[in-house]
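The structure appears below as structure tokens.
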Amino acid sequence: MTAEISPVPNRRTETRHATPGNTCNHFQKYGMTCDDFDRLLARAAGRCELCETPEGETPRGGLVIDHFEGAGLFFVRGLICDRCNSVMARHDRSAAWGPASLPWADKARAYHLAAFEQPTPEEFEQADRHIASRRTYHVKDRAYIPVAPRRTLVVRLDRSMTEAADKLRRHLTDRQRARLIELLSKPT
């Protein structure tokens with residue numbers, strides 16, 4: 001009796017959730033088969049796994065695949081909304097906790113530990129060490145890029161009105177000019 005060997009998924013077989021002729025995003029980006037993705041969808045039950053907002057009520061109108069990546073590890077945690085994805089970025093220390101996201105810290109940790117792909121305890125320890133070693137990103141850490149100051153437009157009204165109109169025409173957009181005319185036309 002010969003054992004049946006299931007075929008290794010490839011780009012051509014993982015197309016069930018993609019538009020015709022394309023490979024599924026979950027397979028290309030996360031290595032998840034269509035069967036794995038169906039189990040992930042069933043687990044989420046149409047809601048964000050962190051805040052439990054129904055999929056249709058999320059800002060994007062859908063859920064995103066959340067994953068952890070670092071220290072040689074990669075695992076899918078679940079399906080969450082965009083807002084909760086930013087909470088998980090704070091959990092992973094790629095962004096700083098703020099007053100609005102801090103109340104979610106404990107729930108984010110519990111969600112991380114209940115990851116869909118179920119890493120081993122050793123892998124969780126490795127992930128925790130990686131997260132703890134990361135320096136939180138702050139906007140002020142970005143390199144300063146000097147921006148040329150805007151020049152202030154000075155229109156002298158004690159001179160020729162034609163000169164003032166020419167200057168305004170050169171410096172204002174059509175929309176700004178229309179708004180200025182509208183405001184000047186209003187009775188005081």
Side-chain angles (χ1 to χ4, degrees), residues 6-142 173 175 179:
S6 59
V8 175
N10 63 45
R11 293 175 60 87
R12 282 174 274 145
T13 61
E14 299 305 314
T15 59
R16 201 164 56 225
H17 304 102
T19 55
N22 291 313
T23 304
C24 295
N25 180 52
H26 57 77
F27 182 72
Q28 287 183 321
K29 290 181 85 174
Y30 307 101
M32 295 179 71
T33 65
C34 287
D35 291 338
D36 289 338
F37 187 66
D38 286 338
R39 283 192 293 280
L40 182 62
L41 286 170
R43 174 179 131 148
R47 294 180 170 276
C48 171
E49 291 186 58
L50 194 54
C51 69
E52 300 180 0
T53 301
E55 183 174 5
E57 294 175 22
T58 63
R60 185 191 299 219
L63 302 173
V64 296
I65 296 175
D66 173 52
H67 68 285
F68 173 82
E69 184 173 6
L73 293 173
F74 183 97
F75 55 89
V76 171
R77 290 189 282 217
L79 286 173
I80 57 177
C81 67
D82 288 328
R83 288 185 183 126
C84 289
N85 202 20
S86 70
V87 167
M88 292 313 295
R90 280 142 181 81
H91 172 272
D92 296 342
R93 295 185 81 175
S94 55
W97 288 101
S101 58
L102 192 55
W104 289 92
D106 290 338
K107 198 159 185 179
R109 176 72 180 155
Y111 164 77
H112 173 77
L113 293 173
F116 174 75
E117 291 189 334
Q118 302 174 337
T120 65
E122 294 79 25
E123 290 172 325
F124 273 126
E125 285 178 26
Q126 185 179 350
D128 288 344
R129 283 193 303 274
H130 176 73
I131 290 169
S133 73
R134 291 184 79 173
R135 185 170 166 266
T136 303
Y137 172 81
H138 295 281
V139 173
K140 66 182 179 186
D141 294 339
R142 288 189 291 187
T173 65
R175 189 172 175 194
R179 179 71 176 134

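Given the structure is predicted, the values throughout are model-derived calculations rather than measurements. Index from 1, following the sequence.
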- Message: With a 3.5 Å distance limit and no angle check, can you tell me whether S94 reaches the backbone of A89 through a side-chain donor-acceptor pair?
- Response: yes
- Minimum heavy-atom separation for T15 to N22, with atom names? CG2-O, 3.2 Å
- Message: Using modelled atom types and a 3.5 Å cut-off, is there a donor and acceptor pairing between side-chain atoms of H17 and backbone atoms of C24?
- Response: no
- Task: Please list all pairs passing the salt bridge (Lys or Arg N to Asp or Glu O under 4.0 Å) test where one or both residues lie in residues 58-74, with sequence neighbours left out.
- Result: R60-D82, D66-R77
- Item | Residues which pass ring-ring contact (aromatic ring centres under 6.0 Å, His included) with Y30, listed by chain and number, not counting sequence neighbours | H67
- Message: For the CG atom of L41 and the CD atom of E55, what is their distance to the nearest 0.5 Å?
- Response: 7.5 Å
- Message: On a heavy-atom basis, which atom in W104 and which in L50 lie closest, and how many Å separate them?
- Response: CZ3-O, 3.8 Å
- Any donor-acceptor pair under 3.5 Å linking the side chain of R90 with the backbone of S86? yes
- The reported gap from CD in E52 to SG in C84 (rounded to nearest 0.5 angstrom) is 10.0 Å
- Search all heavy atoms of L63 against all heavy atoms of G46 and return the closest pair with its distance. CD1-C, 4.4 Å
- Residue pairs involving residues 102-123 (criterion salt bridge (Lys or Arg N to Asp or Glu O under 4.0 Å); sequence neighbours excluded): R109-D128
- Heavy-atom closest pair, residues A127 and L73: N-CD1, 3.7 Å
- Rounding to 0.5 Å, atoms CZ (R93) and OG (S133) come to a distance of 8.0 Å
- Message: Could you check whether any side-chain heavy atom of Q126 comes within less than 4.5 Å of a side-chain heavy atom of H130, counting everything from C-beta outward?
- Response: no
- Message: Just to verify, what does N85 make a side-chain hydrogen bond (donor to acceptor under 3.5 Å, both in side chains) with, not counting sequence neighbours?
- Response: none
- Message: Is it the case that the side chain of Y111 and the backbone of G78 share a donor-acceptor pair, with hydrogens and angles ignored and the cut-off at 3.5 Å?
- Response: yes
- Kindly indicate whether the side chain of D35, heavy atoms from C-beta on, has any atom under 4.5 Å from the side chain of R16. yes
- Query: Which pair of heavy atoms, one from P119 and one from A115, lies closest together, and at what distance?
  - Reply: CD-CB, 3.8 Å
- Message: Once rounded to the nearest 0.5 Å, what's the spacing between atom CZ of F116 and atom CG of D36?
- Response: 5.5 Å
- Quick one: ring-ring contact (aromatic ring centres under 6.0 Å, His included) partners of F75, sequence neighbours excluded? F68, H112, F124
- So, the side chain of E49 versus the backbone of I80: is there a donor-acceptor pair under 3.5 Å, distance only? no
- Flag side-chain contact, heavy atom, 4.5 Å: H26 against C34: yes
- Task: May I have all residue pairs that pass salt bridge (Lys or Arg N to Asp or Glu O under 4.0 Å) and include part of residues 17-30, sequence neighbours excluded?
- Result: none
- Heavy atoms only: give me the nearest A105-W97 pair and the separation to one decimal. CA-CH2, 3.5 Å
- Item | Approximate separation, where rounding is to 0.5 Å, of D38 CG and M32 CE | 9.0 Å
